[in-house]
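In what follows, a single structure is set out as structure tokens and then discussed.
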Number of protein chains: 2
Amino acid sequence: MISNDTIIAHLRERGERMTIQRRLVLDVLCAAGDHLSVHEIQTRVQQGGADLNEPTIYRILQWLKGLGMVSQTDLGHGGIVYELIGERPHHHLVCLVCGAVTEVDDSVVQPLRDRVQDLYGFHPRIDHLALFGVCRACHERGAE
Amino acid sequence: MISNDTIIAHLRERGERMTIQRRLVLDVLCAAGDHLSVHEIQTRVQQGGADLNEPTIYRILQWLKGLGMVSQTDLGHGGIVYELIGERPHHHLVCLVCGAVTEVDDSVVQPLRDRVQDLYGFHPRIDHLALFGVCRACHERGAE
DNA sequence: GTCGGTGCAAAAGCTTTGCAAACCG
DNA sequence: CGGTTTGCAAAGCTTTTGCACCGAC
């Protein structure tokens, strides 16, 4: 997990404006270190005693996404979730039966990245991958 | 590309009801052999002289998805697209710069599937993967 | 002081739901 | 015929947009 101070310093260096609202969103994303929906971000900001409307959160996330600092994923739980991209990206396995989410190291995905680049000359920017399927437990329970 | 007769026969064997509307959607998906949005499906049905409302299309797609016969993907062009899952799945590379979509054989993804299964005991059901990045042409043009 | 971000309200999409009528088997 | 599926209309939800005000630098 990265500290939000590091991120804020980084953004300032890039000449980005830092507002209270942006700081609030970054704080929440850092503290969570996990996937959050727009609504969850708003709730957590409010739990911190502040307030923020949805449009602003959307705009801030779009801005962070444009800077390559957040990933945007559909984990299949109905709705898009956002997460800060750390030093080393990681990915998730989502069980279609029980909904369990398992974290996967980027090294598992790296060969795919290399292969696509070698074969197609395509430079993938795989910030985050959500792979759906059946987890070990559900598979052993015979839940196809 | 699979023939729609094959699919319909398969569905009947599984005891699924076959209505005119379901046949229309299957026809369009077969003929396209490509990703289609709900709106595109509706337009093509209408071009065939028939008519179909959105809710019905959504219900039919949900039904086909439940049977594992269509994949549902967000190609980043704003909106979800659907495609029949053929004998051999294939995937797509989507260029973030020019929007070009390149088809990728499943053999490129198979190692990832195996690796995830070996390491995590997770059985991925990767019907379709959309990988975002920069295509060869855009990369050579220096459009990072 | 200037440019850009935010808040509010409203709209725009896409997708889902409820219920009566039509249809498949 | 019985149980499903469809059509229509309406609502729900997330996300975007316009514009005046406020804030960062």
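Every heavy atom of this structure was used, including side-chain atoms; hydrogens, water molecules and symmetry mates were not. Just so we're on the same page: letters track the sequence lines, and every chain starts at 1.
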Shared hydrophobic cluster for B:V104 and B:V116 (ILVMFWY, side-chain gaps under 4.5 Å)
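Cluster IDs for B:V104 and B:V116 match.
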For A:H128, check ring pair (Phe, Tyr, Trp, His ring centres under 6.0 Å) against everything at least two apart and list the hits.
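Here the qualifying residues are A:H35, A:H92.
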Tell me, which pairs form a ring-ring contact (aromatic ring centres under 6.0 Å, His included) where one or both residues lie in residues 107-126 of chain A, sequence neighbours left out?
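Residue pairs with at least one partner in residues 107-126 of chain A: A:H123-B:H139.
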Strictly by salt bridge (Lys or Arg N to Asp or Glu O under 4.0 Å), give each pair with a member in residues 25-52 of chain A just once, sequence neighbours left out.
none
In whole Å, I'd like the distance from the [atom1] atom of [X] to the [atom2] atom of [N].
{"X": "B:I8", "N": "C:dG25", "atom1": "CD1", "atom2": "C1'", "answer": "16 Å"}
{"X": "A:Q42", "N": "D:dC13", "atom1": "CD", "atom2": "P", "answer": "15 Å"}
{"X": "B:Q72", "N": "C:dC14", "atom1": "CD", "atom2": "C1'", "answer": "12 Å"}
{"X": "B:L11", "N": "D:dT5", "atom1": "CG", "atom2": "P", "answer": "12 Å"}
{"X": "B:D74", "N": "C:dC14", "atom1": "CG", "atom2": "P", "answer": "12 Å"}
{"X": "B:N53", "N": "C:dA22", "atom1": "CG", "atom2": "P", "answer": "15 Å"}
{"X": "A:L52", "N": "C:dG5", "atom1": "CG", "atom2": "C1'", "answer": "12 Å"}
{"X": "A:I57", "N": "C:dT6", "atom1": "CD1", "atom2": "C1'", "answer": "12 Å"}

Please determine which of B:I57, B:L24, B:T56 meets the side-chain contact (heavy atoms from CB on, under 4.5 Å) test together with B:Q42.
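Of the listed options, the one satisfying the test is B:I57.
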How about [X] and [Y]: do any of their side-chain heavy atoms sit closer than 4.5 Å?
{"X": "B:K65", "Y": "B:M69", "value": "no"}
{"X": "B:R14", "Y": "B:L67", "value": "yes"}
{"X": "B:L112", "Y": "A:L131", "value": "yes"}

Which pairs, protein N/O on one side and nucleotides 22-25 of chain D N/O on the other, fall under 3.5 Å?
unit_1, atom_1, unit_2, atom_2, d
D:dG23, N2, A:R17, NH1, 3.2
D:dC25, OP1, A:R12, NH2, 3.0
D:dC25, OP1, A:M18, N, 3.3
D:dC25, OP2, A:R12, NH2, 3.3

Side-chain N or O of B:T56 closer than 4.0 Å to phosphate OP1/OP2 of D:dG7
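Answer is yes, contact under 4.0 Å.
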Between B:Q21 and D:dG7, is there a side-chain N or O to OP1/OP2 distance below 4.0 Å?
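For B:Q21, the contact criterion (side-chain N or O under 4.0 Å from OP1 or OP2 of D:dG7) is met.
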Between A:E83 and A:L29, does a side chain to side chain contact (heavy atoms under 4.5 Å, CB included) hold up when you go through it step by step?
CA-CA 7 Å; A:E83 185 182 35; A:L29 287 174; 6.0 Å; no
How far does the helix from C:dG1-D:dC25 to C:dG25-D:dC1 bend, going by the axes of its first and last five pairs, to the nearest 10°?
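The angle separating the two end axes equals 50°.
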Quiz question: by atom type and distance under 3.5 Å, do the side chains of A:D105 and A:H90 form a donor-acceptor pair?
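Side chains of A:D105 and A:H90: no pair found under 3.5 Å.
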Dump the intermediate steps for side-chain hydrogen bond (donor to acceptor under 3.5 Å, both in side chains) on B:Q110 and B:R113, then the final yes or no.
CA-CA 5 Å; B:Q110 189 57 43; B:R113 220 182 255 117; 2.5 Å; yes
Give each protein N/O atom lying under 3.5 Å from an N/O atom of nucleotides 14-18 of chain D, with the pair distance.
unit_1, atom_1, unit_2, atom_2, d
D:dT15, OP2, A:Y58, OH, 2.2
D:dT15, O5', A:Y58, OH, 2.9

